[in-house]
Structure formats: C-alpha cells, structure tokens
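Reading through the structure tokens given below for one structure.
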Amino acid sequence: MGTGMAIDGELLETFREETSERLDRIVQTLLAIETQGADPELISTLFRDAHSIKGNAGMLGFGEAQEIAHAMEDVIQTAAASGSLATGLINPLLAAGDAIRDVVAGATGLAPETVAALRAESAHATVPVPAASPDIAPHNGHQTEPNPTAETDDRTAAVVEASATDAPIDRAGSHGPNETSKPGGPRSIRVEAGKVDRLLDVVGETVLHRRRLDHLLKGGTSSGEGVEEELDHGELLLDELQRSVTRMRTLPLGSITGTYPRAVRDLAASAGKQVRLTMTGTDTQLDRLMLDGISETIVHLVRNSVSHGIETPARRIAAGKPEIGQLELRAEARGEWVAVSVRDDGNGVSPALLARGRERGSLSEVLAEAGMSTAAEVTELSGRGVGLDAVKRHVESLGGSVEVESEPGLGTSVTLLLPLMLSLVRLLLIESRGQMFGVPLANAIEVLQIGHTLSLAGRQSIDLRGESVPVRNVSEALGGAASEGGSHAVIVSASGRRVALTCDGILDEYEVVVKSLGPLLTGLPGYLGAAILADARIALILDPAVLVQGQASAASEAVADQPRRQRLKVLVVDDQLTVRELERSILETAGYSVVTAEDGRAALDVLHRDAEVALVLTDIEMPNVTGLELLAAIRAAPERPSLPVVVVTSRGDAEDRRLGAQAGADAYVVKSEFAQEGLLKIVRRLIDP
Amino acid sequence: MSGVCVHVRIADEHYAVPVEHVLEVAKLGDWTVVPGASRWLLGVINRDGQVLPLVDLAQLLGTRSTGRPACLLVVEDGERRAGLAVDEIINVRPVPARIEATESKLLSRAALVEGVLVGMLEIGLVLDEAADCDGDGHGH
C-alpha cells in the first residue's frame, strides 16, 4: 500500500471482487476473440476492463497491478486502432491477467517480466487475425479453412498450442485464489491469515498451559490452588480456541453478494428493464454453513424481483413511478436473528392474493402455495421450479422463517429471518457501574468525553459539531431513573436518531457469539442478548434501537429543533463501485452525507429528486450519460445552474480538462493522484468554506 | 414424582424443590444485573457458557430479605432454566406426604418436617411469576 491512505478492509474486498470479476471477463473476452475473431465490441470490452483495473489498482496502491494493466491497456489500444488483435497477443494478455490476479492476492515482482513479454509480443505481432488461428486443431476437419466461425470447442487446444510464445502461462482461464468463495464451488473456505495467526497464538498458549500443569503436578510443591488456577486458565483457552475456530467459519454476507450487481444488471438488461440494486448490511457475519444454505435462495429472490416484480420502464412510467426500478438487499441483526430482506418497488402481488393472505394470516403461505410468481407469465429468468414454497421449506430447515409483505402496485418485500446461532456480532464494550455492556459496533459512531452539557426541560444534551444529541446513561436509556452519568460517552446511532450514552469507561472492541437471555427475559426490551467475556463475566448487549428512543422524545426533539447546520450532501457519480465506495468513505469520514449514482442518467434522477445535494463529484467516462453530458445538463437546467461540480479524471489529460472547463466544471481531481486531502480540500473550498 | 426434594433455607423459612427439577447446586458467585428487568430477577449468571436468569426467591416469596444469598440452585421446567438464589442448601431428602395448609400460589403444598414448616415450591409457577415483567405485588 503506497498511498498512505487508510483503506478499510471492506473497500479492499470490494476492489478484489470487482477486479476478479473483470479478470474473469477479460479471460472470456480473449477466448471469444480467439474463436470468433476480434470484433470491435469485444476489443472495447477488453479495453474497458483493463482500464478500470488500472484505475482502481492505482487508487488502492497496487502499483504492480496498475503497471501491468497499463501495459495491457496500451497493447489493446493499439489493437483497437488497427481493428484487430494479433493471436500472438492472446497468451501474453491472459498471462498478464493471471499476474494481476496474483499481485492482488499478494504476490510481488511479477510486473517487469509480464510487461516485457507483452510489449515484446506487441512489437513483433504483425499478423492481423480477425479469425481463429487456422492451425489450432489438428483433429478438426475445418482446420484448413480460415473460417472465423470455427468450432469453439477447440479453444482450449488453441490456448495450449499458442503458448509457444514464452509467456508463463499454463492455466488460462484459471480463477486463482478466489475460486473457493464462489457459491456452489468446492467445499473449502478461504480464511484471513490473521484468524489463523490468532488460532496459532492460542494453541501456543495452550501448549505452555500444559507444561505449567505438568510442572505443578510433578514439581512436588503441588498446591491444589495453583493447579486449580491453571485449570481455570485452561478453560479460558479452550473457550478462546472454540471462538477462533467459530470465527473461521463465519463470513460476511458480502462474500456471496459480490457478483449480484452485475447479475442484476445483466438480468435486467435481458428483460428490457432498468433496475438499481442497493445492498446494505453486507458486512453482517453469518456462519458459513448458513451462507452456503441461503446463497441460492437469495439469488432466487433477487431474480424473482427483477423478472416478476419490477415492471418495464414503459409500464412504470404509465404507473407514475420512476423509470428505474429499485431493488434492495438488506441484512441486519434483529435480536437473536439475522434478517435478510429483498425488497423491490415493482407491481406487488395481486389484491386477491393479499386478501387471501390476510384471511390466512400469512401472505407467505398463500404465495408459497400459489408459486412465488407475482407476474402472470413465467419467464426464462425466474428460475422455474423453485418457487417460494421451496424457499420457505429451505429456510425453515435452517431454523428460520420467511415473511412476505406486499402492496399492490407498490412492491414486494421478502424477509428471511435466520437464526443468529453462530453469528458473531462485533461489540464496543463499555463499563457502567462496575458492569459490562456491549453496543453493536455497527451502531457505535464515535466515543468522546462529555464536557459541557446543554439542558432543556430537565433533559441533557451535548453539542456534537453543531447538532444537539441527547445524553443518557445506561440505566436511563433502559427506562430507569435519570442519574449522574459517567464522563465518557458513546454516540449510538439507530433508525436515523442518535444518543450520547454515558458510561464510566470504554474498554475495547470484542467479537462475540450472541447468547440468549433465556425464556424468562424474552420480551424485555432494550437487549439483544448477552455475551460471555474471556473472564467468564457476562456483558449485556444493548439494543441500539431502544437506546435512541428515550423516554421523553418530545423534549429531546424540541432541543433538536434548534437551528443547526445541516450535514452537507455530496452526490458521487461513477460507474465503478470501488471508486464510488472509496469516495464515499472519504467524504463520509469527513462528515459529509453522500448519495451515489452509477452514471450520469442516474445522477440526474437523484438531482431531480433531491434538492439538498450541494456538490456533485463525477467521473467522465460512464455508460448512458457521461460526466461531461451530466455537467452540461446541470448547467443548462433552470433549477440550479451553478451547482458546484468536481470532475474526476482518470488520466489527468489536458483534453479532458479543456472539455470539462468548457462544460463548466468547478474543479478537477485526478484519479491516479487521488488523495484524501486533495479531494477534501477542493470540496471544502467549494461548499464548506 | 419421587417425593425427594432439595431442602433450602431463605432467611428463616424452609422450602423444598423436587429433585426432578434440580440440575445443579452450587455456591452463588457474582451475577450481572439487568437494568429494567422484573424485580424478581437479581440478574443473569453464566453457567458453562449458558446465560441463565437468577431469580430472587426471597423477594418473590415475600420473606424478609437478609443480605446477599450465598447459594445457587439451577432448576429446569420443560425448556426453561433458571438459577434460584437461596441462603443455604440444607440437604436432600423426602418430604412427608402429610399436607399442611398454605396460601402461597407458588407452593404446591407445605409439610411439617421435624417441627419446621417446609414449603414445596412449584417450579413452573415460580418461573412464570419471575418472568412477569411488571413485578407488582409481593408474591401474592
């Protein structure tokens, strides 16, 4: 990592996933070129993928990957100019793709050789090949005909044969280290090295423990107390071992949803629909077995929404809905359950079915009987044969349940409630009156020292960067009496509300298995469960949704109504998820609120809907409506012609800048020099002086 | 029912729990207070990695409370498990069949054992009552 920028793991994971997808496609495209000939469309796909990998790798500091992708881009660009791609280039390009995969997985030192091989081949590649190589398949009857539509089955042979060039390639199309995370793939898991290290640490400690026991017992001085103490310690170690192994079995939901955005895009395109997929809570950890179990089910629900739920643009417009359908995949911990829901804003189920659902008390049961389809016809895309009945059966077999809500004309939402069982929650541990409490880390926004407090109608609040946030201590937040709180506070956020929860100390982050409080305490609001800490003490896990509610919400609302500065909203426009998320994380960390759009057209939709956007940060090259077209549209619109627009260029080339300036861009950021401070400085200068 | 019970003392009163319901007796260590819970609950305890509610039997039965309970009785009723906090575990022995009158709804009956009145705890009802969140009124 050479950027000096703090890159969070999730972003890195997104980058890896996206890169892996693009590399897969590069392999496919190269193979297609080899068998079908170098169609300009294929070359431009190839170029886009190499270009995107270069850009992303550069931003995230994978210098070698960037270098290789850059060389690929050059070679492909030359090919594009001539309208063909020499067969000799296919292998070095495949090899380059493999090298990038290795670099992203952690290998180093691959760039020089790979780049040299590419450039060498490019230099003497003069055979323009618009067709499959004629000498590839000795057993093939068509071999002597230079026929561009030669049998595609021979492409493997072609690759092996052609590897006579010195490129180090013997595994074209191999998927490298990511293979294992594919749904339905081999039954193996990829485990973060850190988790294994942790396990080894504990094993090491256990070996020492055994020796100490040995020593105590054989040393003759065996005081029972020492042995007992050592045995207690052993028990803790066993717990820790168990936890480490359990942790290895958990993966974030994101590990199975990485390919969804593309799948949805492709599905939607082939159904003549426009669908925007948003995914939230993909960092929710689930047991691997559970993930394996539900992966297909979620895909099925997503497919259903795209092919049956969401209408065609024409129908949506006729129904007075925005042209682009919204599809949301959301995962969240809900007490002892993880709720994974797929919601669309499509046509919903028919009023007749709804009525039957009300009669029966369960819409999901009625739909399971009727088959999930909410549209009349069954299309090829809907995954025939697997209806909601199968989904329901499957989820129930995992100990979960299915809820369906629908409103005719407005959409359907299917929620899978899965048992938390082995799911892990990351907690921030706090201490209040000698007891430990846990706040789910996802809801703990920041920690601070309570200084000056404001008071209104007997309720305390603090001024948090211009916003009034109510202050409560743990017992008060759980419905007890207000009393003197500690001097530390955690800002807890849930359902769009915040509270400063005071405590005597803030201890640590902790990853725990959530335990039930037992049947006597179910129904007690305020708790998600309990966690057992390494020293066997219990930490109660607080429910953020209850913490933020408070007793006298009316009073705290009055405080919140005081004039305050709104968080400034920035619209981030880029067709690449990695870039959008990187920009979002930089801006959000700096306190801006961020909305995103994946191309110029979607950005215009957002601007049309949302008058609060104070600045637009946009890429130039995007499908549908480009950045420059977006800029022109903003400047031409009557509403807010002077809305600040910052253009992100990938090359920083003079032509881009000139065109941008002409269209009225307020500033530039060059992607390859993308640095947190530079971007924030520009944004601040424009809207937040 | 074997009629064999674990006999316990709470303040100066004696109670018995049928052995069928008793999973474990132990010294009572520290517990974790659960703010907002029914006042019949002292809190929760960790028994072998399982979180169990700890019922304050003295409060629930309305006996005069006498400081910190020292002993723990882990009981089970169907799926439900809980710890009962008591002052002393006396012994395990049968309770005579002869029945004395009792008004507490938490007791199935009472018996005279060597001049001491012993209440037979109805564990199902004890757990029902302990789960009652409003926690009003003393043990009726």
Side-chain angles (χ1 to χ4, degrees), chain A residues 232 235-236 238-240 242-243 246 336 429 431-438 472-483 485 501 503 512-543 546-547 549 551, chain B residues 21 23-24 26-57 59-60 68 72-85 106 121-136 139:
Chain A
D232 282 351
E235 198 143 322
L236 291 186
L238 273 180
D239 268 350
E240 184 63 35
Q242 192 191 9
R243 244 197 302 275
T246 312
E336 293 173 44
L429 274 190
E431 187 179 352
S432 176
R433 292 163 198 213
Q435 270 194 204
M436 305 295 176
F437 293 90
R472 285 177 210 128
N473 67 20
V474 173
S475 108
E476 196 183 348
L478 294 168
S483 57
L501 188 68
C503 54
V512 298
V513 175
V514 178
K515 309 240 174 180
S516 155
L517 284 179
L520 293 195
L521 285 165
T522 46
L524 179 65
Y527 301 97
L528 294 175
I532 293 177
L533 305 179
D535 60 2
R537 277 199 291 175
I538 295 174
L540 297 168
I541 304 173
L542 301 172
D543 183 351
V546 173
L547 294 178
Q549 275 167 12
Q551 299 255 285
Chain B
H21 286 292
L23 294 172
E24 187 184 0
K27 243 164 68 180
L28 179 59
D30 288 335
W31 59 83
T32 302
V33 176
V34 182
S38 138
R39 61 186 161 121
W40 315 133
L41 290 180
L42 286 170
V44 286
I45 51 171
N46 169 15
R47 295 306 291 178
D48 304 324
Q50 198 183 10
V51 178
L52 295 180
L54 180 63
V55 177
D56 187 347
L57 259 191
Q59 274 277 347
L60 195 59
R68 188 189 188 285
L72 168 71
L73 204 63
V74 179
V75 297
E76 185 177 52
D77 176 62
E79 298 269 288
R80 298 185 296 173
R81 280 185 189 188
L84 306 181
L106 299 179
L121 287 169
E122 189 68 73
I123 292 302
L125 295 177
V126 167
L127 298 188
D128 287 347
E129 187 74 5
D132 188 3
C133 283
D134 61 21
D136 277 338

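Shown here are the salt bridge (charged side-chain N to carboxylate O under 4.0 Å, His left out) partners of B/Arg80, two or more places apart in sequence or in another chain: B/Asp77, B/Asp128. The side-chain hydrogen bond (donor to acceptor under 3.5 Å, both in side chains) search around A/Glu235 returns none, not counting sequence neighbours.
Interface summary for chain A: among B/Asp30, B/Thr32, B/Val51, the most heavy-atom pairs under 4.5 angstrom belong to B/Thr32.
Heavy atoms from other residues, nucleotides or ligands lying under 6.0 Å from CG of A/Asp232 number more than 12.
With a 4.5 Å cut-off on non-hydrogen atoms, A/Leu540 touches chain B through its side chain but not through its backbone. Proximity to chain A (any heavy atom under 4.5 Å) is restricted, for B/Leu41, to the side chain, taken from C-beta onward. Of the two parts of B/Val55, only the side chain, counted from C-beta on, holds a non-hydrogen atom closer than 4.5 Å to a non-hydrogen atom of chain A.
One finds the CZ atom of B/Arg81 at 5.0 Å from the CD atom of B/Gln50 (value rounded to the nearest 0.5 Å).
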